[in-house]
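Data block below; observations after.
Lettering of chains follows the sequences in order, A, B, ..., and the numbering in each one begins at 1.
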Protein chains: 4
Amino acid sequence: MPVAVLGATGTVGARLVQRLRGHPWFALAEVAASDRSAGERLGDRVAPDVHLHPDDAARKLGTLDGPLASHLVLSALPADAARTIEPELAARGHLVVSNASAFRADPGVPLVVPEVNPDHLTLLDAPGDRWPSGGGIVTNPNCAVAGLVTALAPLHARFGVGRVVVTTFQAISGAGRPGPAAADLVDNVVPWIGGEEEKIAAEPRRILGRLMDGAVTPAEVTVSATATRVPVLHGHLESVSVELLTPATPKQARAAWAEFRGPEGTADLPTAPAIPVEVATEVDRPQPRLDRGRGDGMTVVVGRVRPCPVFTLRFLVLSHNLERGAAGAALVNAELAAARGRVRRGLS
Amino acid sequence: MPVAVLGATGTVGARLVQRLRGHPWFALAEVAASDRSAGERLGDRVAPDVHLHPDDAARKLGTLDGPLASHLVLSALPADAARTIEPELAARGHLVVSNASAFRADPGVPLVVPEVNPDHLTLLDAPGDRWPSGGGIVTNPNCAVAGLVTALAPLHARFGVGRVVVTTFQAISGAGRPGPAAADLVDNVVPWIGGEEEKIAAEPRRILGRLMDGAVTPAEVTVSATATRVPVLHGHLESVSVELLTPATPKQARAAWAEFRGPEGTADLPTAPAIPVEVATEVDRPQPRLDRGRGDGMTVVVGRVRPCPVFTLRFLVLSHNLERGAAGAALVNAELAAARGRVRRGLS
Amino acid sequence: MPVAVLGATGTVGARLVQRLRGHPWFALAEVAASDRSAGERLGDRVAPDVHLHPDDAARKLGTLDGPLASHLVLSALPADAARTIEPELAARGHLVVSNASAFRADPGVPLVVPEVNPDHLTLLDAPGDRWPSGGGIVTNPNCAVAGLVTALAPLHARFGVGRVVVTTFQAISGAGRPGPAAADLVDNVVPWIGGEEEKIAAEPRRILGRLMDGAVTPAEVTVSATATRVPVLHGHLESVSVELLTPATPKQARAAWAEFRGPEGTADLPTAPAIPVEVATEVDRPQPRLDRGRGDGMTVVVGRVRPCPVFTLRFLVLSHNLERGAAGAALVNAELAAARGRVRRGLS
Amino acid sequence: MPVAVLGATGTVGARLVQRLRGHPWFALAEVAASDRSAGERLGDRVAPDVHLHPDDAARKLGTLDGPLASHLVLSALPADAARTIEPELAARGHLVVSNASAFRADPGVPLVVPEVNPDHLTLLDAPGDRWPSGGGIVTNPNCAVAGLVTALAPLHARFGVGRVVVTTFQAISGAGRPGPAAADLVDNVVPWIGGEEEKIAAEPRRILGRLMDGAVTPAEVTVSATATRVPVLHGHLESVSVELLTPATPKQARAAWAEFRGPEGTADLPTAPAIPVEVATEVDRPQPRLDRGRGDGMTVVVGRVRPCPVFTLRFLVLSHNLERGAAGAALVNAELAAARGRVRRGLS
């Protein structure tokens, strides 16, 4: 199936291009980026540390408002651009699988993690004239939510999650290019990331929510988040205290994670990891540099699971912000849509 | 008044030596360290980045088990050495003001922050034959507790503190010499510090506790802590969510901190900062490198005070781990003892 | 004497404002910056880690093209702006002491380090109608040249310097705001700084050159430079191999540095350090973080002086890029000009 | 062919174990380490960030003085241990391929880089009774020499190398475990590595030397080195100025590198990279994090080739200190020995 990638010159877009090479189901057919890159070779516009296959580097970049032949569009656009371009494409009948935050709260747009809530895809079937058949937008969560919600999901399913307090240690690459200044992150931590805490509070409620009558009823999960930036290249680490509605021991939680595989068929998606959540047994793990690469960056790593004197359990969770939190997340959502028969070759 | 410093060659001990130079009340009279340094010049045994006054560098190091002439002994010994040496000195009639963790839970040993619980010093007056008159041990909190408990104290006094969830971002210098390996902290965070979380849970209960009938009744404060090490030289940053027994807005909390000065007379101690708790108003502060030096390292900086959807308030707190959290903490405790007439010139 | 500071909102300009507070000779009278800051409070436009005295923070910023009342103008403008604005001010009769690179190669503009070539100031006396009496531009060297040339000067005076190979380790703050991205300097070194190597090759020839017939004859010194950026906040470290025309041992070189004080009167300039060049004796020094602060950032630190199997000697040299290499350098040049009777109170 | 690995628990030894898995010629048969690890599982004694195949992790560690069945022994021992153990093994008839510095200057021990001086292997054939037939020691250069000498070799062959000035930027992992303290490398560079500069001066002379009458005549190359440690995990970067006996332009040098392949057959060794020296064309490369992985860490990357005003050319060179500089270097030396018929299955 042919695929278009929008925003192909950025960190996430270029990673999508890399991940599509050799993909068993999809073939990259079109790349596009903002007007100032249009007509140039993709390889001349990506960051110097991105190694593209020569055939991909040689692709000519199209414009964001031009027609696309592929039904499936993977969008790595920034939120501002996404807000206008993605609905236009959906209105033309494209299935837009987006990494942007623009529509994550839109009741008609599924916010999906395949292992957690693949059924939310059916939001696309809502009757009405918003989008023609086959058109629509599917999104994945914020990079700091991806690991958290994947770790919470097995606990929520088995014990029920009530209140959550989370402090994040977010990597530099989560801020895109050029990202934070070195002057701010040598011998320092910056305890603020604009807009991030609101997303961490809101998105898990929707992802863990229940589909009823064609709409998502948010889960009654209350998240209090503090987001910080640390001098780490990739991998968001999070310190979590969680209240479980049915009490559980660390051992029971570890069992819930170890047994978690997501709904039937999820593990067969090409980009889905064999093990969605791994539990580290060492006393000082997960650590960003050592653990972010597990499962090709798609495995979420949990560790230091202890009783919490204030709630039920405490633990740390790590996920690769560019893979599980962005490019891999969008791609596996596209695979889910394809597996459920929602992707066509072309528009007509 | 003459003072002896034990463990003078380490990071904290050397800082005590520096802080004693030009001190208005105390005069450094004796320095001692472990046997392998005994007889050597202090300046030859401190770390290469410690600048001592030439007169201090030239001091000869005594042994830890030799007799000391000064009544007041400042101890920067590691916990193991402190466990045997400090009680021996107290038994000989010395007042040992210690930075070690060895006796922080001992019911007869005051665990003191002058702005918070100076009255706990009277634990030294407990009748009995443990120590002769004038002898005893006084301790300051763990470096990750010092900032936290100073920030919690004004809230506790005004609104009552119930449950607390805290995640720390601790600096390298908190681990002493040589400390963490660079290989562990380049492009990484280590989410574990052995023994630290237990101290963070226990010590605030005692410091915020009430003195009744010659003993401390711990405060009913429950702390859930996660301790991590980050690539920062000095300054422990902490992300805190707190439940207040009487609801309070961020504005009320900021007022409580701004008005906090500790009991009468505390601010007159030479090492006490004019302002114990400052509230940063910038959206992204406190930051370790930018804010750790306030009040000569003795001011605790609070910032990002927001409502907490799970408890009452969320905020960040920063304190200099070597000053407010160690050397400055011990010194100001010695000053408090002196101000209350508990320090003599010599033993007899 | 009143002083104006141009470019007062940048790293170097703000440091000039700080250094002028309490200055024994100069009083800050005017601050100016680019149009988009004009009319605002200085304190609202400087970087968040700059602490200004409240009176300085409250100063209103003027525009760069407005009239200035002070005869003496300290310019921290970037090269582009300096190229047009500084000659205009000089033409109006101002003495512009500039940190910019724009006129460092101009034969009528002295490029001065007070300890090395204060006599070059007389270039300002060149007859002709370029600038009215009292008007002119004085510059200090590039931040990577300041330490190098100060270390070479005593060797050049005593033994003659021929060929020099230098590799720099330059700090982040040398690149201004926002400076290099953290993504480029975590677990990395960037071995290129645009335009820097040319300056390092050219400026020492002029500074070490001889004044003859009202012009500078460059020194016959050949410098081969490689410039790199490393994850250090402040302090440029340089590895130097030098050919001396008269052979010298490390001991003789250390003596030349130890005895170096610059021409009579230089040490009396308020911002000049008591010791221009210190020789570190430890085997592993100078190190940027440990040694950049010597002499209030104005002392250049040399270390590891060894015979060079290829030339005569090898050594490392460190200097604070913001002090000896920028703000302090400009200020001490202004002091030199004042000491030599070249600064007036106002224009007429 | 069976292989034993000594010092298998260290950084280099464990990397050898990893590289031997799936090796086309060699099969890991025995692992050994110091007495305190003997009898334990290899996987329990390696650093936590080393991922071993479960079969390798389960291997039991032997002692260093026990008998070994394999003729070929790969030694990752530290120099002290190597000095006594390696000659004992050679005397028993083992071919010891060592990464240690102990015997690099020994006239009877080949110091080899396969692309540069594979013929030096015949030093093992020296008549005499030092070692029985088939016994001997083969070494690879110091990790800071490996990249330098590989970059110099094509220049030396084509133009002749005279004098060289080199400043290194060495990675943390070059210092082994635990390596430098984080306190020394946050916001800092350490311009000294004990013993390193002497090795960088001496080893290239021997490797570039000529084999005559069964002995190596050192090349008339004079190297002046300054060695520093920077906050980089892996990859030694070096700034080089080189005098060529026959003048050459940067273009000619780039051609020499591009065409360099080493003697016939070298590229067929399984661990040898297809391209020994790559020339980066970007203005700011090579950079440690971006370029250390080329050719599976075995390709040396040269960049910024410019004329040198003092000598002939200047450039930067980068090589992976653990691969091209240690584990890969030893392994490819073993492959070279095997290709030349010097490796047997067992001792008899």
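Rounding to the nearest 0.5 angstrom, the gap separating the CZ atom in Phe315(B) from the CD atom in Glu238(B) is 9.0 Å. With values rounded to the nearest 0.5 angstrom, Glu243(B) atom CD is found 6.0 Å from Thr312(B) atom OG1. Here the OG1-CG distance, from Thr228(A) to Asp284(B), works out to 12.0 Å after rounding to the nearest 0.5 Å. Considering CG of Asn188(B) and CD of Gln287(A), their distance stands at 4.5 Å, rounded to 0.5 Å.
Only the backbone of Ala227(B) comes within less than 4.5 Å of a heavy atom in chain A; its side chain stays farther off. No part of Arg229(A) comes within reach of chain B, as not one of its non-hydrogen atoms sits under 4.5 angstrom from that chain. In this structure, chain A has a heavy atom under 4.5 Å from the side chain of Ser241(B), while its backbone stays farther away. Val230(B) touches chain A through its side chain: at least one heavy atom from C-beta onward sits under 4.5 Å away, while N, CA, C and O do not. Both the backbone and the side chain of Leu233(B) come within less than 4.5 Å of a heavy atom in chain A. Looking at Glu197(A), the atoms closer than 4.5 Å to chain B (heavy atoms on both sides) all sit in the side chain, from C-beta outward.
Under the side chain to side chain donor-acceptor pair (under 3.5 Å) criterion, Asp184(B) pairs with no residue, sequence neighbours left out.
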Residues Glu220(A), Arg205(A); criterion salt bridge (charged side-chain N to carboxylate O under 4.0 Å, His left out); working and verdict: CA-CA 7 Å; Glu220(A) 299 272 334; Arg205(A) 296 172 55 83; 5.4 Å; no
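With chain B as the partner, the residue from Pro191(A), Pro309(A), Ala201(A) showing the most heavy-atom pairs under 4.5 Å is Pro191(A). Comparing Val164(A), Val165(A), Val189(A) by how many heavy-atom pairs each has under 4.5 Å with chain B, the most go to Val189(A). Across Val232(B), Asp187(B), Leu185(B), the residue that shares the most heavy-atom pairs under 4.5 angstrom with chain A is Asp187(B). The candidate from Val186(B), Leu290(B), Ile172(B) with the greatest count of non-hydrogen atom pairs under 4.5 Å with chain A is Val186(B).
A side-chain donor-acceptor contact under 3.5 Å links Arg206(B) to the backbone of Asp106(B).
The minimum heavy-atom distance between Arg285(A) and Ala280(A), with the atom names listed, is CB-CB, 3.9 Å.
The aromatic rings of His234(B) and His320(B) sit parallel to each other, their planes meeting at less than 30°, with 60° as the upper class boundary.
The aromatic ring centroids of Phe311(B) and Phe159(B) lie 6.0 Å or more from each other.
Within residues 294-307 of chain B, the residues having any heavy atom closer than 4.5 Å to a heavy atom of chain A are Arg304(B), Arg306(B), listed by residue number.
Applying the 6.0 Å contact sphere to CD of Glu198(A) captures more than 12 heavy atoms from other residues, nucleotides or ligands.
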